[in-house]
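All values derive from a computational prediction rather than experimental measurement.
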Amino acid sequence: MISSMDLRATFDENAERYEQFRPRYPTQLFDKLVADAGINSNSSLLEIGPGTGQATKPLAKLGSAITAIELGASLAQKARQELRQYDNVRIITGSFEDINLPASNYDLIYSATAFHWVKNEYQFTKTARLLKPHGYLAIIHTTHVSDENGDRFHRASQSIYDTYWPPKDTSSPPVLPAVHEVKAPYVDTALFGLQSFMVFPQIKTYTAHDYAGLVSTYSPTLALPPSKRKNFLAAIEKLINEQFNGKLEKRFAFSLAVARKIQNKTANPF
């Protein structure tokens, strides 16, 4: 079995596909983040896991100084290309856990669909240590949600997923959450106070090819042996072409949790 630490490295396999197929975060999400964290051109930001820079660019446009730490060398290089016009952005290749950064230096630390990959013992202790007094931590997440009308594709594709990832419990097939069921992530209340949480629903229409491309960027898919991965993606594409007229509407919920560092709390040094 591949560990979660090994899985997080799989994203670097094809940075171009990641940039091409991953859905973009809503503009309103960044407007909310800027307002809640009071970010401006004088702010100092740290991003954990920028990928190809999709959540970096909206804040880079403000003129804020951004340091972004990306584990994958190919993703980091792609992010540098995508953000080459922004002199205020610096991309560092490495893991958040291992890289030494100045304490009490950042107004905001944020992570878009990557924070869950950080080792638990570093998630809040190291971020608290790196933030200025009363600095902010923002956790952005992407959730596939129910269309609340039967989730036909989800049900139709389940047998394909079961072929490649046999379920341990067949008595209760997985269901998609409704938008209102998307909850705020865990925050260490000894170090942070949750200031706000908001969900931004979005519907995106995919061709069969493009949806297979999106699924190809997910870590479980990337962890499959190449031949099985090819067959899995072909099965997904065939399903959409044959049963959904070649197009698929997918519903996402992008969520933003903003937490503020509690003053006079000291994080364990790493």
Any chance you could lay out the side chain to side chain contact (heavy atoms under 4.5 Å, CB included) test for Tyr186 and Phe124, step after step, and finish with the verdict?
-> CA-CA 10 Å; Tyr186 166 79; Phe124 299 102; 3.7 Å; yes
With no hydrogens and no angle check, is any side-chain donor or acceptor of Thr52 less than 3.5 Å from a backbone partner on Ala79?
-> no
Would you say the side chains of Thr56 and Tyr86 form a donor-acceptor pair under 3.5 Å?
-> no
Determine, step by step, whether Tyr106 and Leu101 satisfy the side chain to side chain contact (heavy atoms under 4.5 Å, CB included) criterion, reporting the C-alpha distance in whole Å, the side-chain angles of both residues, the deciding distance to 0.1 Å, and the verdict.
-> CA-CA 10 Å; Tyr106 300 99; Leu101 296 163; 3.7 Å; yes
Heavy-atom neighbours of Arg90 CZ exceed 12 at 6.0 Å | no
Do Asp107 and Ser44 get their side chains close enough for a donor-acceptor pair, meaning under 3.5 Å?
-> no
Does NZ or CZ of Lys204 fall inside the cone over Tyr206's six-membered ring, less than 6.0 Å from its centre and within 45° of the axis?
-> yes
Taking it one step at a time, do His154 and His144 satisfy ring pair (Phe, Tyr, Trp, His ring centres under 6.0 Å)?
-> CA-CA 10 Å; His154 181 69; His144 290 254; 9.1 Å; no
Thr221 and Ser216: side chain donor to acceptor below 3.5 Å | no
Report yes if the side chains of Leu33 and Leu59 come closer than 4.5 Å at any heavy-atom pair, otherwise no.
-> yes
Check: Gln123 main-chain N/O paired with Thr127 side-chain donor or acceptor under 3.5 Å | yes
Is a side-chain donor-acceptor pair under 3.5 Å present for Ser95 with Asp98?
-> yes
Could you pull out the closest heavy-atom pair between Arg251 and Ser146, with the gap in Å?
-> CD-O, 3.8 Å
State, yes or no, whether a side-chain contact exists between Gln158 and Arg155 at a heavy-atom distance under 4.5 Å.
-> no
Where Lys126 and Glu97 come nearest, the two heavy atoms and their spacing | NZ-O, 3.2 Å
Minimum heavy-atom separation for Val182 to Ser255, with atom names?
-> CG1-CB, 4.3 Å
If only atom types and distance count, is the side chain of Glu242 paired as donor or acceptor with the main-chain N or O of Leu239 below 3.5 Å?
-> no
Nearest heavy atoms of Arg22 and Thr217, plus distance in Å = NE-OG1, 2.8 Å
Taking the side chain as every heavy atom from C-beta outward, state whether Phe244 and Tyr211 have any atom pair closer than 4.5 Å.
-> no
Find out whether Leu108 and Leu46 are in side-chain contact, i.e. whether some heavy atom of one side chain is under 4.5 Å from a heavy atom of the other.
-> no
Would you confirm whether Asn245, through its side chain, and Lys247, through its main-chain N or O, come within 3.5 Å as a donor-acceptor pair?
-> no
When the ring centroid of Phe30 is compared with that of Phe254, is the distance short of 6.0 Å?
-> no
Is there a donor-acceptor pair closer than 3.5 Å between any side-chain N or O of Glu70 and the backbone N or O of Gly51?
-> yes
Do Lys261 and Leu137 come close enough that some side-chain heavy atom pair is under 4.5 Å?
-> no
For a side-chain contact (heavy atoms from CB on, under 4.5 Å) with Val89, tell me which candidate from Ile66, Thr67, Leu45 qualifies.
-> Ile66
Look at the side chain of Arg229 and the backbone N and O of Leu222, then say whether any donor-acceptor pair between them is shorter than 3.5 Å.
-> yes
Answer yes when Glu82 and Arg84 have at least one side-chain N-carboxylate O distance shorter than 4.0 Å, and no when they do not.
-> no
Could you give me the CA-CA distance, side-chain angles and deciding distance for Phe232 and Tyr161, then say whether ring pair (Phe, Tyr, Trp, His ring centres under 6.0 Å) is met?
-> CA-CA 8 Å; Phe232 165 66; Tyr161 280 88; 5.2 Å; yes
Report yes if the side chains of Val179 and Val199 come closer than 4.5 Å at any heavy-atom pair, otherwise no.
-> yes
Is there a side-chain contact between Tyr110 and Phe115, using heavy atoms and a 4.5 Å cut-off?
-> no
Between Ser196 and Arg260, do the side chains contain an N or O donor and an N or O acceptor separated by less than 3.5 Å?
-> no
Answer whether the closest heavy-atom distance between the side chains of Asn105 and Leu130 falls below 4.5 Å.
-> no
